[in-house]
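Chain letters run A, B, ... following the sequence lines, proteins first, then strands; residues in each count from 1.
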Amino acid sequence: MARILITSALPYINGIKHLGNLVGSQLPSDAYARYMRQRGHEVLLICATDEHGTPAELAAAKAGKPVAEFCADMWQVQKDIADGFRLSFDHFGRSSSERNHRLTQHFAERLAGAGLIDEVHEKQVFSHTDGRFLPDRYIEGTCPNCGYDKARGDQCENCTKQLDPTDLIEPRSAISGSTDLEVRETKHLYIRQSAMRQHLDEWIDKQSDWPILTTSIAKKWLHDGDGLQDRSITRDLDWGIAVKKGDKDWPGMDGKVFYVWFDAPIEYIAATAEWADANDLDEAAWHRWWRTDEGADDVRYVQFMAKDNIPFHTLSFPATLMGSGEPWKMVNYIKGFNWLLYEGGKFSTSQGRGVFMNEALEILPSDYWRWWLLSNAPESSDADFTWENFQGGVNKDLADVLGNFVSRVTKFCRSKFGETVPEGGQYGEAEAALTAEIQTRLIAYEKAMEDIEIRKATAELRAIWVAGNEYLQHAEPWAKFKTDPDAAASVIRMALNLIRLYAVISRPFIPDASDQMLAAINLSGTESWPDSVKAALTALPAGHAFTTPDVLFAKIADEAREELEARFAGS
RNA sequence: GGGCCCAUAGCUCAACUGGUUAGAGCAGUCCGCUCAUAACGGAUUGGUUGGGGGUUCAAGUCCCUCUGGGCCUACCA
């Protein structure tokens with residue numbers, strides 16, 4: 001038995017996430033965690049909301065709520081939706097937690113003690129009307145290069161030229177539109193990533209099994225231009241973690257907070273501490289997941305995230321952990337995802353384009369989404385959600401192949417033998433061949449899950465479902481029943497055992513359907529993973545009672561699909 | 001401007017460090033079955049692997065170039 005620590009990238013607090021966000025980290029992390037738990041490993045799956053930063057403050061203002069209240073409410077909303085998708089987080093924390101405040105301040109103290117923090121005076125744009133400093137991209141104006149009048153302070157979207165806010169002609173606040181701006185001097189802390197470049201480079205070089213997507217992004221940052229740059233880790237904001245050295249004040253840094261990207265990854269650790277607190281466990285209980293000197297040495301730590309998050313997880317966060325000089329657990333494997341597109345374009349919150357998590361659950365049960373999103377996960381390149389593909393995939397895989405299998409077997413049995421596993425006859429060559437095929441495919445499925453190759457895993461799982469239909473077709477229990485009822489009985493006994501097997505091994509992807517299948521055959525969700533397919537296919541003995549279930553997966557009709565296409569086309 | 005990634009059947013994707021006639025699923029066509037959610041099974045059509053050039057006994061796989069997408073470029077997160 002191994003111990004596996006899994007973290008999903010933290011969803012930002014400013015609104016409800018769309019399907020792309022879901023499939024980019026939370027959903028695959030859940031399937032992986034569920035699989036590893038079923039295999040008997042000790043798993044800790046951690047996620048949390050990422051609550052600090054300018055967008056959170058603006059979203060709160062727009063909602064007319066104090067930031068703390070807005071974040072608390074939105075956390076609950078996200079938590080409920082995560083539950084709706086059956087995301088099996090051991091803890092869903094908050095980056096604004098007391099634990100994270102203390103840990104973040106602790107790391108800052110350690111880094112300062114190691115000489116890895118610089119205090120830098122710099123000039124930033126302050127908006128009197130908004131009463132806040134503005135991040136570069138919250139300043140708009142006319143591009144000095146091409147004359148585009150909605151250029152942002154960091155870059156002109158029209159001519160792609162990189163800009164400094166002071167380059168803009170007639171700069172204004174992107175928040176209020178105010179031109180009452182002033183360049184003010186302010187002081188911020190920088191983490192000296194440049195001083196850790198060598199260490200980070202060597203550490204990245206050791207990760208030979210990481211995907212190109214992951215290492216190439218890290219290498220780019222490490223070697224491009226002058227190499228890895230120092231990075232500001234504080235901001236002039238109200239909402240956030242106060243800049244302190246441990247529990248001591250930081251002279252000259254009153255009223256400032258840590259930058260969201262400094263404190264967010266630390267929340268992975270803090271959320272584990274929150275988990276221990278929530279379960280009345282002691283400090284050692286979470287240290288054994290994170291401190292290599294207290295038992296975490298044999299933990300395998302896997303992170304799930306979309307590609308935009310990779311620099312922070314390959315460089316910034318490791319720099320924080322290394323720089324502390326303390327024995328914190330470093331990530332063993334980073335699973336990065338590309339983007340999910342919606343009907344060929346980007347999901348857009350502002351234009352209402354695409355499907356958001358809350359809407360998805362109103363339309364169909366979570367298993368439909370889980371299956372389609374995971375079997376089409378953007379692993380090797382961007383993937384495209386279209387209602388046509390969704391309808392086709394769900395109808396074929398879930399309704400026709402799996403759902404119909406359960407239906408045809410249970411209904412046939414009920415009408416010919418009654419609602420118990422029939423006795424008579426015995427397994428022969430056909431059953432041996434089926435068992436062998438499933439055993440081979442199961443091994444491939446397990447390998448894909450170990451390697452976190454999600455699409456490959458779903459393809460193998462589907463092939464195992466198909467094998468059941470193939471078997472039935474060739475065994476023809478409906479024909480055998482007329483001449484040799486015992487032979488038909490053994491086929492159906494096998495088929496009912498297949499339902500049980502399917503319920504167990506499909507659980508990481510479609511947990512609700514798994515429960516329904518198990519309930520139908522009077523079992524619970526605690527059925528163990530099949531070590532031997534042969535043994536697993538005799539687990540249900542003759543005489544075991546079952547209940548013919550309702551339709552597992554209803555098909556999505558063409559009219560319904562067209563309606564959904566129109567509804568989510570956006571403005 | 002610089003860097004990285006991608007381009008394979010109508011659609012969605014495979015193909016270990018270059019190695020037999022480039023494979024699946026879906027859609028299409030034909031046949032079979034009738035237990036089942038008009039479901040299932042079998043067979044089959046379909047690709048000069050974006051264009052061009054090169055290296056090699058051998059290239060989807062390596063190199064160059066062109067075209068078309070995407071991402072990153074450090075103060076959104």
_Partner set under side chain to side chain contact (heavy atoms under 4.5 Å, CB included) for A:D512, not counting sequence neighbours_ = A:R86, A:S366, A:D367, A:Q516
Nearest-angstrom distance from the residue atom [atom1] of [X] to [atom2] of [N]:
X	N	atom1	atom2	value
A:F481	B:rC33	CZ	P	21 Å
A:F312	B:rU73	CZ	C1'	12 Å
A:N376	B:rC11	CG	C1'	11 Å
A:Q473	B:rC40	CD	C1'	5 Å
A:L373	B:rU12	CG	P	17 Å
A:K411	B:rA38	NZ	P	9 Å
A:H474	B:rA43	NE2	P	8 Å
A:E476	B:rC33	CD	C1'	7 Å

Is it true that [X] and [Y] have ring centroids separated by less than 6.0 Å?
X	Y	answer
A:Y368	A:F390	no
A:W261	A:F317	no
A:W372	A:F385	yes
A:H188	A:F258	no

Classify [X] by what it touches in the nucleic acid, base, sugar-phosphate, or nothing, heavy-atom distance under 4.0 Å.
X	answer
A:V409	nothing
A:P477	nothing
A:G227	base
A:V260	sugar-phosphate
A:F405	nothing
A:L552	base
A:S415	nothing
A:Q229	base
A:N404	base
A:W339	sugar-phosphate
A:E51	nothing

For atom [atom1], what is the distance between [N] and [M], given to the nearest Å?
N	M	atom1	result
B:rC76	B:rU55	C1'	46 Å
B:rA38	B:rG47	P	35 Å
B:rU45	B:rA9	C1'	11 Å
B:rG60	B:rU17	P	15 Å
B:rC63	B:rA7	P	14 Å
B:rU56	B:rG50	C1'	24 Å
B:rC16	B:rC11	C1'	27 Å
B:rA43	B:rC26	P	13 Å

Closest approach to the side chain of [X], judged atom by atom: which nucleotide of [options] is it?
X	options	result
A:V466	B:rC35, B:rU37, B:rG41	B:rG41
A:W261	B:rC72, B:rG70, B:rA77	B:rA77
A:Y12	B:rU37, B:rC11, B:rA77	B:rA77

Is any side-chain N or O of [X] closer than 4.0 Å to OP1 or OP2 of [N]?
X	N	result
A:K555	B:rA39	yes
A:K307	B:rC4	no
A:Y259	B:rC76	no
A:R231	B:rC75	yes

*Judged by atom type as modelled, is there a donor-acceptor pair below 3.5 Å linking the side chain of A:K17 to the main-chain atoms of A:P11?*
no
*Check for a donor-acceptor pair, side chain of A:E419 on one end and backbone N or O of A:T548 on the other, with a separation under 3.5 Å.*
yes
*For A:N469 and for A:L228, locate the closest nucleotide of RNA chain B by heavy-atom distance; then report the residue assigned to the nucleotide nearer the 5' terminus.*
A:N469
*For A:R455 and A:Q124, take the nucleotide of RNA chain B holding the closest heavy atom to each; which residue's nucleotide lies nearer the 5' end?*
A:R455
_Aromatic A:F126 / basic A:R184 pairing, under 6.0 angstrom, 45° off normal_ = yes
_NZ or CZ of A:K335 within 45° of A:F337 ring axis and under 6.0 Å_ = yes
Between the protein and nucleotides 22-29 of chain B, list every N/O to N/O distance that falls short of 3.5 Å.
unit_1 : atom_1 : unit_2 : atom_2 : d
B:rG25 : O3'    : A:R462 : NH2    : 2.9

*Is any side-chain heavy atom of A:T410 less than 4.5 Å from a side-chain heavy atom of A:L496?*
yes
*For A:W478 and B:rC35, do the ring centres fall under 5.5 Å apart while the planes stay under 30° apart?*
yes
